[in-house]
Amino acid sequence: MDSRAGRPSAVARGPEAGQETALATPLSDVIGREPLFVPPSTTVADVALAMREGNHSCAVVTSRPHGIVTHGDLARVVAERRPSDTVVEQVMSSPVHALPAGAPLIRALLLMLDEGIEHVPVLRGNRVVGVVTDVDVMRQQSASPLLVADRIRRAGAGGAHDPALADLPTDLAGVAASLLGDGVDGLRIAAVVASLRDALTIRMLELAERELGRPPGPYAWLALGSQGRMEQLLHSDQDTALAFAEQTEEAGEYFAALAERVTDGLAAAGVPRCPGGFMATRWNRPLDEWQRTFRGWLDEPHARSLLDAQVFLDLRPVAGELDVGVLDRTLARGRDRPGIQLALAQTARRFAPRAGRFGRIRPDRLPPAELKLRGTVPIVLLGRLYGLAAGSPERTTAGRLRAAVAANLISGDTADTLLDAYAVLLSTRMAADLGEEVPSTLSAPRRRELQGALRAVRTALRASALTHPGPG
C-alpha cells in the first residue's frame, strides 16, 4: 500500500483544510483495551471460552510470526466438525495483516477492504498493542464502505440480478461523499470504490458458478484499466477480461456463459458496460493465447494494437485459481522495447493541458470531461510509460511512479508532484460526479490548486520528451 495513504488531502471537504478528520486519526487513538493473547498450543475450546468471558471478537496468537483467530474461525471449526481440542495454531490466520500505531485509520479501512478482513492488529515496534475492528472504523463514518462490502457479500437471494444490489450506485455515492467530507483525497476514494467493485465482481462470480456448476478448469477473472489500477470513479465502466487454462469445447462454452452472466450482473448493479468492448464477453481466451497476444503488442506497437495494449498494461487478477504471472513476465519485456515506450510517451504528450495567452491555464473554463482528458489521462499514461520502462509489476499509478524513482528514471520530487496533482484532479472529478462542484464554480483557492495540478502535468510531459524524445 502507498505510504502516503491517509495524509491530509490537498482538497478538503467539510472540515477546514488541515483540520484533523476521523479517518486521519492515528490507530493508537482508536484502540481501546489490550487484546486477548493466547499461546499457539491453546485449544479452540479454551480460546472460545476466553473470548466469550472477556467479550473479545478475536484473539492474538503469540506464535512467530503472530497469528489471529476470530469468531469466524471458531464457527468454521464447528461447521467442519473438528474436535474441540484442536489447537489454535491449526485454525489461525498467520502472518497477520498489521499496521503501526501511528498509521491513520484510513489505512486500516483500505486494508480491511483489500483483504476482506475485520480485524487489524496494531503494532508499536514489534509488539501488538491493540486490534482495530471493522466496528471501530464504522463508528468513525456516517456512510461506511465496510457496510456496503458486507451488503455485497450477503446479496444473492435473487441471483446475479438481486434487487438488494439495485441501490449500489447510491450506496457508493454516499461512501464517496462521506470520504470527501472527511478530507480524504480522490486517489484514496478511488481505491475504495475499486475495492467495492472487486467485492461485487467476486460475488457475481460466486453466483454465476452456483448456477453454471463447477468450472471445467482453473481460470482468472482480470480487471483492466482504472479497475486494474484500483483508481475507479463512480461512473467508471467495466474493463474486464478472462483467462482460462486450456482450450476445450467445454471450457469455451462454460467461460463464455460465465462472462455473460457476470457482465450482465455488474451492469444490473450499476457498473456500465464498456463502450469500447473491453469486457470478458469479448476478451475471453486461454492463457497461451493471451501470451501470444501480449507478445504481439510489445513487438509491433501500432496505433490500434497500442490502444488495446495500454488497457491491458493495467491487468490485475481479481478472482480465480489460474496463475497469470506469466503475463506479468511477458509485459516485463516492455522494459527492453523502446518502440512501445516511445509510442506511450507520444500518446501522453498529445493530451497535454492547453494553455491560453501568456501560458496561463484556466481550470475554471474546463468542462469536467476535459479534466480527464487533459489531467488524469496523461498522468495515467506517464505512469504506464515509467512503470514499463522500470520493468515493474506495479499496477497503481503511485506504485509505478515509485518504481520509476527506484530505477532512477524520474526524481522523487517529480513523483510526489505528479501524485499530488493526480489526487487533486481525482478529487475534483469525484466532486463533479457527486454534483458538488464543477470547475466553473470553484473558489479562488481551489482554482489555484487545480491550476497548479494541471501545470504539474504539463511540466512532467515536457520532461518525458527528454527521456523519450519524438513528435507528440
Side-chain angles (χ1 to χ4, degrees), residues 2 187 190 223-231 239 278 293-316 327-353 371-423 425-426 453-472:
D2 182 6
L187 192 50
L224 316 173
S226 61
Q227 181 69 15
R229 299 191 310 272
M230 299 292 289
E231 295 165 5
D239 284 321
F278 288 100
T293 300
F294 279 26
R295 290 190 191 114
W297 284 335
L298 291 174
D299 294 339
E300 298 181 24
H302 300 304
R304 178 63 209 180
S305 64
L306 181 62
L307 177 63
D308 294 342
Q310 286 191 48
V311 177
F312 282 91
L313 288 174
D314 302 332
L315 174 151
R316 176 177 60 85
L327 299 183
D328 280 339
R329 294 189 290 275
T330 302
L331 288 174
R333 295 171 58 189
R335 184 173 190 170
D336 303 317
R337 296 292 191 276
I340 191 169
Q341 292 179 34
L342 181 59
L344 283 170
Q346 292 173 352
T347 301
R349 290 196 287 271
R350 283 199 286 271
F351 289 96
L371 288 183
K372 176 180 179 179
L373 288 177
R374 304 293 172 181
T376 56
V377 165
I379 294 176
V380 167
L381 291 172
L382 287 174
R384 286 172 177 162
L385 163 66
Y386 290 124
L388 196 67
S392 172
E394 290 285 349
R395 292 295 178 263
T396 67
T397 300
R400 286 166 166 168
L401 293 177
R402 295 295 176 210
V405 173
N408 294 317
L409 297 175
I410 59 174
S411 69
D413 285 345
T414 295
D416 286 343
T417 300
L418 267 180
L419 289 176
D420 283 339
Y422 198 28
L425 289 160
L426 285 175
L454 292 169
R455 198 157 43 229
V457 174
R458 279 178 63 86
T459 300
L461 289 171
R462 287 171 178 164
S464 74
L466 300 177
T467 56
H468 297 82

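Positions are given from 1 along the sequence.
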Query raised in the report: When you look at Leu418 and Ile410, which way does the side-chain contact (heavy atoms from CB on, under 4.5 Å) test go after all the steps?
Result: CA-CA 11 Å; Leu418 267 180; Ile410 59 174; 5.6 Å; no
**Report entry** Trace of the side-chain contact (heavy atoms from CB on, under 4.5 Å) decision for Arg402 with Asp416
**Finding:** CA-CA 9 Å; Arg402 295 295 176 210; Asp416 286 343; 3.0 Å; yes
**Report entry** Worked verdict on Gln310 versus Val380 for side-chain contact (heavy atoms from CB on, under 4.5 Å)
**Finding:** CA-CA 10 Å; Gln310 286 191 48; Val380 167; over 6 Å; no
Query - Thr467 vs Leu385, side-chain contact (heavy atoms from CB on, under 4.5 Å): CA-CA, chis, key distance, verdict - result: CA-CA 11 Å; Thr467 56; Leu385 163 66; 5.5 Å; no
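For the atom pair Ile340 CD1 and Leu313 CG, the distance stands at 5.5 Å (nearest 0.5 Å). The distance from atom CD of Glu394 to atom CG of Leu388, rounded to the nearest 0.5 Å, is 13.5 Å. Atom CZ of residue Arg295 and atom CG of residue Leu327 lie 9.5 Å apart, to the nearest 0.5 angstrom. In this structure, CZ on Arg458 lies 13.0 Å from CZ on Arg349, to the nearest 0.5 angstrom. The structure places CH2 of Trp297 at 9.0 Å from CG of Leu331, a figure rounded to the nearest 0.5 Å. In this structure, Ser464 OG and Tyr386 OH are separated by 5.0 Å, a value rounded to the nearest 0.5 Å.
Heavy-atom minimum distance, Ser411 versus Val405: O-CG2, 3.6 Å. The two atoms that bring Leu382 and Ala460 nearest to each other are CD1-CB, 3.9 Å, heavy atoms only. The two residues Ala348 and Pro378 make their nearest non-hydrogen contact at O-CB, 4.0 Å. Contact record, Ala389 with Leu409: CB-CD1, 3.7 Å, taken as the closest heavy-atom pair. Nearest heavy atoms, Leu461 versus Pro353: CD1-CD, 4.1 Å. Nearest heavy-atom pair, Thr396 versus Gly399, reported as atom, atom and distance to 0.1 Å: OG1-N, 2.8 Å.
The pair Asp328-Arg333 fails the salt-bridge criterion, with no side-chain N (NZ, NE, NH1 or NH2) lying under 4.0 Å from an Asp/Glu carboxylate O. The pair Arg229-Asp239 fails the salt-bridge criterion, with no side-chain N (NZ, NE, NH1 or NH2) lying under 4.0 Å from an Asp/Glu carboxylate O.
Residues Leu401 and Thr414 form no side-chain contact, since every pair of their non-hydrogen atoms from C-beta on lies 4.5 Å or further apart.
Just one of Leu381, Val377, Leu342 meets the side-chain contact (heavy atoms from CB on, under 4.5 Å) condition when paired with Thr347; it is Leu381.
One N or O on the side chain of Gln341 and one on the backbone of Arg335 form a donor-acceptor pair closer than 3.5 Å. A donor-acceptor pair is defined here as one N or O able to donate and one able to accept, closer than 3.5 Å; such a pair exists between the side chain of Arg316 and the backbone of Gly228. Judged purely by atom type and a 3.5 angstrom limit, Arg395 uses its side chain to pair as donor or acceptor with the backbone of Leu315. Formation of a donor-acceptor pair under 3.5 Å by the Glu231 side chain with backbone atoms of Thr397 is found in this model.
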